[in-house]
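Basis for what follows: all heavy atoms, side chains included, without hydrogens, waters or symmetry-related copies. Here the structure is a predicted model, which means the values were calculated and not measured.
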Amino acid sequence: MGNPIAMSADLSKTAYDHLWMHFTRMSSYENTPVPTIVRGEGTYIYDDKGRKYLDGLAGLFVVQAGHGRQELAEVAAKQAAELAFFPVWSYAHPMAVELAERLANHAPGDLNKVFFTTGGGEAVETAWKLAKQYHKLTGNHTKYKVISRAVAYHGTPQGALSITGLPALKAPFEPLVPGAHKVPNTNIYRAPIHGDDPEAFGRWAADQIEQQILFEGPDTVAAVFLEPVQNAGGCFPPPPGYFRRVREICDRYDVLLVSDEVICAFGRLGHIFACDKFGYTPDIITCAKGMTSGYSPIGAAIVSDRVSEPFYKGGNTFLHGYTFGGHPVSAAVALANLDIFERERLNQHVLDQESAFLRTLQKLHDLPIVGDVRGNGFFYGIELVKDKATKESFTDEESERILYGFVSKKLFEYGLYCRADDRGDPVIQLSPPLISDQSTFDEIEQIVRHVLTEAWTKI
């Protein structure tokens, strides 16, 4: 195998020379080694130098059951030996059929049809195309627009990126798909109105969707895309009554409600599907990430019988698909992953431990740099501020210097992999594997406390 140190150096150089990393400022690695992760076990990951890190982001909101699950690897190998690949283009295979049935059984209401993709962005893209064609098939030919929330992230394909509410991510690729419009999100910490009344704020935020539908014209709006807990900007939970009101609005104007659960599904909030936690039934659920705990890629749009019905009549066809959608190996791994969920009661574990996780993170409120701690389940954001009393945030220069230049690097250096994110206000996002316990929460809090205490001296 050669000298491990030399091999590590070569690997890093090769990564810089040939591996174009996603959402990465590549120039930052011109003279700096690329962090290279080689192994995972439980809640920890290990780099090529043997250093250990707590995986505070579950990879990327993905590794629900934890790293190093031998049974998932064995299921993948067994399925690959039996049937490594076959498409679900006019044909079925047992793993896709069984997984579709299982997902339908977990989904609320009449969401019984499962359209497989290979990831979350593709699932969102699928849902928008599906919504457009559904309305055409039901005689509403002018309904094509979508509404989503400011600062929300819904994926990178051209349609999903249009739905995304982050201007800086979109600008390099414009013009995008027309017809995507934005409304305020549910960040009550920075609420422009009703900041002291969560229920009134929720009603106000939901009513902004109705106002946007009326402004655009109800005969032009096809769907509303919402995450149960919004990711970008730092974990915005829904205020009380928010989704009930949104469901009423969508029903009134014949607009489909899409619950984008790419992050929130599969236990992240303590339920297989997070809409159940907040008491609403969407028309479509988009999901991916945690379905296999990341051991193989898969995604899906789960569709109600009402929406799928016109596609099951006569010569109507949804002319859309992906080569690897419903891949046999991924479907087999997803089934085994769901078995782990049931056997180890991972959803209940999250529900039992979420308050302890939040309380542990709330200890950080004694730091002058911590403005807000928010989230749900095993999915939290810590918003950083320059002034707690006024909630003053950082300038772009300060975010660059403090968040990227210091906090992000130091968290990793001190043994915590997570995300320091400035797509909205500066936030540290935490989303560990669902097997985490109080010792994990304490380790996260201690590392974050140490880094943020140092960061305050840099302001």
Side-chain angles (χ1 to χ4, degrees), residues 87-89 92 95-138 143-144 146-148 152-164 177 180 222-228 231 250 255-266 268 272-276 280-292 297-312 316-327 330-331 334 338:
V88 292
W89 298 47
M95 292 299 101
V97 172
E98 187 179 343
L99 180 59
E101 180 186 37
R102 197 151 172 189
L103 293 175
N105 288 339
H106 279 297
D110 69 339
L111 277 74
N112 289 313
K113 303 296 191 291
V114 180
F115 190 101
F116 285 116
T117 67
T118 56
E122 289 177 355
V124 170
E125 195 85 357
T126 297
W128 190 3
K129 290 176 73 174
L130 186 65
K132 286 181 178 180
Q133 191 177 354
Y134 164 77
H135 286 297
K136 285 182 170 61
L137 291 175
T138 53
K143 289 173 85 71
Y144 71 93
V146 292
I147 293 170
S148 58
Y153 176 82
H154 291 282
T156 55
Q158 295 276 303
L161 187 56
S162 299
I163 298 171
T164 291
V177 180
V224 172
F225 282 72
L226 302 173
E227 295 169 279
N231 166 37
C250 289
V255 171
L256 302 186
L257 175 55
V258 181
S259 189
D260 183 358
E261 305 201 11
V262 171
I263 286 175
C264 293
F266 304 108
R268 184 52 50 195
I272 293 296
F273 294 115
C275 53
D276 284 336
Y280 68 98
T281 300
D283 299 292
I284 302 173
I285 294 172
T286 55
C287 57
K289 292 185 182 291
M291 196 189 306
T292 65
I298 198 168
I302 307 173
V303 186
S304 71
D305 289 338
R306 177 177 72 91
V307 172
S308 61
E309 183 184 12
F311 294 90
Y312 279 64
N316 296 335
T317 303
F318 186 36
L319 297 173
H320 175 71
Y322 299 100
T323 299
F324 295 110
H327 192 281
S330 295
L338 291 171

Enter the distance from [X]:[atom1] to [Y]:[atom2] here, rounded to the nearest 0.5 Å.
{"X": "C250", "Y": "I147", "atom1": "SG", "atom2": "CD1", "result": "8.0 Å"}
{"X": "S330", "Y": "F116", "atom1": "OG", "atom2": "CZ", "result": "10.0 Å"}
{"X": "F273", "Y": "R268", "atom1": "CZ", "atom2": "CZ", "result": "15.0 Å"}
{"X": "L256", "Y": "I284", "atom1": "CG", "atom2": "CD1", "result": "5.5 Å"}
{"X": "L137", "Y": "K132", "atom1": "CG", "atom2": "NZ", "result": "14.0 Å"}
{"X": "I263", "Y": "E261", "atom1": "CD1", "atom2": "CD", "result": "11.5 Å"}

Is any side-chain heavy atom of [X] closer than 4.5 Å to a side-chain heavy atom of [Y]?
{"X": "Y322", "Y": "H320", "result": "yes"}
{"X": "L319", "Y": "K129", "result": "no"}
{"X": "L103", "Y": "I285", "result": "no"}
{"X": "Y280", "Y": "L257", "result": "yes"}
{"X": "L130", "Y": "V303", "result": "yes"}
{"X": "L161", "Y": "T156", "result": "no"}
{"X": "L338", "Y": "I272", "result": "yes"}
{"X": "P108", "Y": "C275", "result": "yes"}

- Query: Considering residues at least two apart in sequence or located in another chain, which fulfil the salt bridge (charged side-chain N to carboxylate O under 4.0 Å, His left out) criterion with E309?
  - Reply: K313

- Message: Taking salt bridge (charged side-chain N to carboxylate O under 4.0 Å, His left out) as the definition, give me every residue that meets it alongside D305, ordered by chain and number, with sequence neighbours left out.
- Response: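 Once residues adjacent in sequence are excluded, the partners of D305 under the salt bridge (charged side-chain N to carboxylate O under 4.0 Å, His left out) criterion are K113.
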
- Under 3.5 Å, is there a donor-acceptor pair linking the side chains of S308 and Y134? no

- Pair T118-H327, side-chain donor/acceptor within less than 3.5 Å: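 On atom types as modelled, these side chains do not qualify, holding no pair under 3.5 Å.
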
- Item | D110 with R306: basic N within carboxylate O range, under 4.0 Å | no

- Parallel, tilted or perpendicular for F318 and F115, by the 30°/60° rule? perpendicular

- Task: Output yes when a side-chain donor or acceptor of H135 lies under 3.5 Å from a complementary backbone atom of A222, and no otherwise.
- Result: yes

- Task: Would you confirm whether W128, through its side chain, and I163, through its main-chain N or O, come within 3.5 Å as a donor-acceptor pair?
- Result: no

- Message: If I compare all heavy atoms of A160 with all of H154, which pair ends up nearest, and what's the gap?
- Response: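 Smallest interatomic distance, heavy atoms only, reads CB-O, 3.5 Å.
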
